[in-house]
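The chain is numbered in sequence order, starting from 1.
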Amino acid sequence: MAVHIFHKTSIPDHVTRQRNPSKKGGKREGNPVPAEKKRMAQSLLSQSQCLIVASSRFTTLQCFNREEEEAFSIQKFRERKRKWKSEGKANQKMGETAPPPPPQVVAPPSQMPLGAARGPTWTPAEQLHQLQYCIQSNPSWPEAFALAFQHYIVMLGSIVIIASSLVPQMGGDHGDKARVIQTMLFMSAINTLIQTFLGTRLPTVMTASFAFTLPVLSIINDYSDRTFRSEHERFEVTMRTIQGSLIVSSFLNIFIGFSKAWGNFTRFFSPIVIAPVVCVVGLGLFARGFPLLANCVEIGLPMLILLVITQQYLRRAIPRAHRILERFALLLCIALVWSFAAVLTEAGAYNNAKQQTKQSCRTDRSFLISSAPWIKFPYPFQWGAPIFRASHVFGMMGAAIVTSAESTGTYFAAARLSGATPPPASVVSQSIGLQGVGMLLEGIFGAAVGSTASVENVGLLGLTHIGSRRVVQISTGFMFFFAIFGKFGAFFASIPLPIFAAMYCVLFGIVAAVGITFIQFANNNSLRNIYVLGLSLFLGISIPQYFVSNTSPNGVGPVKTDGGWFDDILNTIFSSSPTVAIIVGTLLDNTLDAKYAVDDRGLAWWRPFQSRKGDARNEEFYSLPVRIREYIPTRFLY
């Protein structure tokens with residue numbers, strides 16, 4: 001038995017436990033001291049002298065008030081202490097034959113975790129608690145229509161940028177550009193409905209993909225040396241070749257999707273892989289941010305500053321307008337800055353400017369309103385019979401793989417920002433197969449490029465705090481309307497591109513930050529994880545930047561061999577940040593001590609989401625509507 005006297009302001013942790021004498025051999029049992037006794041002891045700490053009597057069977061805490069200690073003589077105090085010692089010895093001898101254990105050393109009080117004394121610590125959260133409407137909840141109908149129109153405006157920018165850069169090189173005029181925009185808008189609406197009803201069922205908008213730019217430029221170069229009767233004929237032949245290439249390459253996505261090959265590949269993912277992939281989905285598009293904004297700083301920079309101030313600061317300064325500014329600040333800022341650009345245009349501010357400045361800043365330089373038809377319904381093979389060439393088909397196949405990787409990263413970001421669980425492997429594979437079906441339809445209807453999940457619209461979910469699926473489905477109504485009634489669609493398509501670039505600076509940044517949040521489900525302090533994360537993230541940005549910076553304006557990349565189709569595949573794949581991050585991250589994460597770092601990789605949290613039945617919420621978020629699932633073979637569902 002050991003006796004210890006303490007003059008302290010805290011009680012050692014082990015003292016708050018008592019031993020159970022009913023156990024054989026005097027083993028300790030972790031029964032807590034009664035709460036009332038503990039509170040009384042704590043209340044006396046600041047003015048007490050505490051005596052701890054410890055033996056192999058019990059530990060007691062006796063406290064003396066210092067005023068009482070002064071009232072008694074030292075002799076009385078020693079007698080009381082001897083009495084407690086004798087009681088301890090008597091209890092020790094009762095039914096105990098084993099030799100007494102060595103004196104027990106009282107451990108110092110346990111210390112708080114690093115940083116806990118300076119502030120709270122945050123536990124991992126599977127859902128973002130500040131979302132006002134998640135994937136299955138819906139705002140009021142007026143708000144839903146206004147938010148849907150906002151989604152339409154945001155996705156319009158990518159279509160206008162692609163059409164404005166590719167159609168003139170094909171030999172098309174302003175009327176051809178307007179028809180291409182209408183066709184891509186029409187196909188985006190169809191693909192969005194397919195994905196939200198039958199695909200991932202996440203609130204993702206499908207829009208034109210920049211991954212097809214290099215294969216399309218390769219087709220344009222092949223026809224640049226040929227002689228045509230007119231530029232319009234060259235444009236039509238180019239579009240027919242693009243149609244044939246899209247039709248054939250679409251079967252690659254259909255195969256890897258519906259054969260579950262892509263879903264089986266995603267089973268090798270972990271939070272350590274998803275984090276850099278989602279990050280570069282946003283960061284890899286930096287060229288469409290400030291570099292595009294800088295083409296007209298007097299319009300783009302006010303748009304960026306006004307959006308940040310209005311949506312973040314002004315809504316906090318005006319509580320009554322908090323909800324309106326949080327959800328619709330983007331539309332308000334677009335209207336104000338667009339009006340400002342129109343005033344500068346009418347005032348002649350750009351009459352003596354350079355041609356590039358006029359093209360970026362003036363509101364009357366798109367020539368879409370004057371050239372677009374009032375009513376035009378896109379129809380199959382509107383440019384003529386498709387042309388099939390093997391060299392061009394292989395380049396498009398490379399772009400099809402890239403869009404699969406980009407869409408996969410975007411789906412995980414959309415699930416996080418809409419309050420859903422990470423999509424299961426079967427759902428991701430199903431969505432890639434349906435994306436191939438959408439690409440097939442785009443080839444039939446004559447779109448200039450294939451489609452992918454819109455990163456900017458996923459960022460809009462985080463900006464407005466509304467991840468409702470219904471809002472995105474309603475937005476397809478605006479896409480159909482403005483695709484058919486060309487004059488009205490051309491009005492909004494004439495928004496200066498620096499305004500879109502200012503929006504992208506905010507929206508792409510939100511998506512990149514969402515990727516960082518996946519790290520919380522793995523061990524942040526593992527040097528192995530830090531290595532995989534850092535290398536995947538850096539190479540996911542560095543390698544594509546090298547390929548893009550060394551690609552000529554006519555689409556000739558750094559890989560140059562005798563096979564042009566081989567060059568197109570490699571240049572397209574390694575120009576995509578998400579594709580490079582998926583390749584590097586998956587390879588490293590599954591080969592570097594993968595078996596011994598299962599817990600560090602976060603697989604215990606990740607694996608239940610990889611099948612529909614792994615988590616009870618998967619069925620709630622990703623089940624097909626209106627009993628469609630009953631007519632689909634189960635081998636395609638699990």
Side-chain angles (χ1 to χ4, degrees), residues 130-135 137-161 181 185 188-189 192-193 195-196 202-208 282 288 300 303-304 306-312 314-315 321-339 410 413-414 417-418 453-483 488-511 514:
Q130 294 179 340
L131 289 176
Q132 298 174 9
Y133 293 95
C134 65
I135 184 172
S137 57
N138 305 305
S140 62
W141 285 105
E143 281 188 331
F145 274 91
L147 290 165
F149 179 73
Q150 194 167 230
H151 273 280
Y152 160 73
I153 292 296
V154 169
M155 63 85 59
L156 188 62
S158 297
I159 294 177
V160 174
I161 292 173
I181 291 176
L185 195 57
S188 294
T192 301
L193 286 178
Q195 289 295 336
T196 54
L202 291 169
T204 51
V205 174
M206 304 300 291
T207 188
R288 291 161 56 187
M303 175 65 190
L304 177 60
L306 185 63
L307 178 59
V308 174
I309 292 177
T310 304
Q311 210 270 341
Q312 295 296 325
L314 195 59
R315 68 183 174 94
H322 182 279
R323 188 175 69 175
I324 295 177
L325 293 178
E326 182 181 66
R327 300 179 185 179
F328 306 110
L330 186 60
L331 287 178
L332 178 63
C333 294
I334 290 175
L336 292 176
V337 178
W338 192 12
S339 302
T410 307
L417 289 173
S418 61
S454 173
V455 180
E456 51 267 35
N457 286 88
V458 172
L460 186 60
L461 302 178
L463 185 70
T464 59
H465 299 177
I466 295 177
S468 173
R469 181 194 295 128
R470 177 183 292 177
V471 170
V472 173
Q473 291 171 340
I474 294 175
S475 69
T476 60
F478 291 100
M479 300 178 201
F480 281 124
F481 178 83
F482 291 113
F488 298 100
F491 174 73
F492 293 104
S494 62
I495 297 175
L497 296 181
I499 294 180
F500 287 109
M503 293 188 295
Y504 295 157
C505 291
V506 177
L507 302 179
F508 292 160
I510 292 175
V511 175
V514 168

Q.
Show, in sequence, the C-alpha distance, side-chain angles and deciding distance for V205 and S188, and conclude whether the side chain to side chain contact (heavy atoms under 4.5 Å, CB included) test is met.
A. CA-CA 8 Å; V205 174; S188 294; 5.8 Å; no
Could you check whether any side-chain heavy atom of [X] comes within less than 4.5 Å of a side-chain heavy atom of [Y], counting everything from C-beta outward?
X    : Y    : result
V154 : L507 : yes
V471 : P203 : no
F149 : F145 : no

From [atom1] ([X]) to [atom2] ([Y]), nearest 0.5 Å:
X    : Y    : atom1 : atom2 : answer
I153 : L460 : CD1   : CG    : 11.5 Å
L325 : L314 : CG    : CG    : 5.0 Å
I510 : C505 : CD1   : SG    : 11.5 Å
I135 : L417 : CD1   : CG    : 11.5 Å

Q. Is there a donor-acceptor pair under 3.5 Å between the side chain of T192 and the backbone N or O of M206?
A.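 A pair under 3.5 Å: yes.
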(Q) Given 3.5 Å as the limit, does a donor-acceptor pair link the side chain of Q311 with the main chain of L463, or not? (A)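 Indeed, once roles are kept as given, a pair shorter than 3.5 Å links the two residues.
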Q. Where do M155 and L185 land on the side chain to side chain contact (heavy atoms under 4.5 Å, CB included) test, with the steps shown first?
A. CA-CA 9 Å; M155 63 85 59; L185 195 57; 3.7 Å; yes
Q: Check the pair L307 / L304 against side chain to side chain contact (heavy atoms under 4.5 Å, CB included), numbers first and verdict last.
A: CA-CA 5 Å; L307 178 59; L304 177 60; 5.7 Å; no
Q: Output, in order, the C-alpha distance, side-chain angles, deciding distance and verdict of side chain to side chain contact (heavy atoms under 4.5 Å, CB included) for V160 and L156.
A: CA-CA 6 Å; V160 174; L156 188 62; 4.0 Å; yes
**Q.** Over 12 foreign heavy atoms within 6.0 Å of CG, L336
**A.** yes
Would you list the atom pairs, donor with acceptor, under 3.5 Å between side chains in residues 489-503 and any protein atom, with sequence neighbours excluded?
| from | atom 1 | to | atom 2 | distance (Å) |
| --- | --- | --- | --- | --- |
| S494 | OG | F491 | O | 2.5 |

Q | Any pair counted as side chain to side chain donor-acceptor pair (under 3.5 Å), so long as it reaches residues 467-480, sequence neighbours left out | A |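 Counting only pairs at least two positions apart or across chains, the side chain to side chain donor-acceptor pair (under 3.5 Å) contacts touching residues 467-480 are N138-S468.
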Q: Can you run down the side chain to side chain donor-acceptor pair (under 3.5 Å) pairs that involve residues 144-161, sequence neighbours left out, and say none if there aren't any?
A: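 Qualifying pairs, neighbours excluded: H151-N457, S158-R288, S158-E456.
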Using atom types as modelled, flag every donor-acceptor pair under 3.5 Å from a side chain in residues 326-334 to any protein atom, sequence neighbours excluded.
| from | atom 1 | to | atom 2 | distance (Å) |
| --- | --- | --- | --- | --- |
| E326 | OE1 | Q132 | NE2 | 2.5 |
| E326 | OE2 | R315 | NH1 | 3.2 |
| E326 | OE2 | H465 | ND1 | 3.2 |
| R327 | NE | Q132 | OE1 | 3.2 |
| R327 | NH1 | E143 | OE1 | 2.8 |
| R327 | NH1 | E143 | OE2 | 2.9 |
| R327 | NH2 | Q132 | OE1 | 2.5 |

Q) Does the separation of the ring centres of F482 and F488 fall below 6.0 angstrom? A) no
Q) Who pairs with Y133 by ring pair (Phe, Tyr, Trp, His ring centres under 6.0 Å), at least two apart in sequence or on another chain? A) none
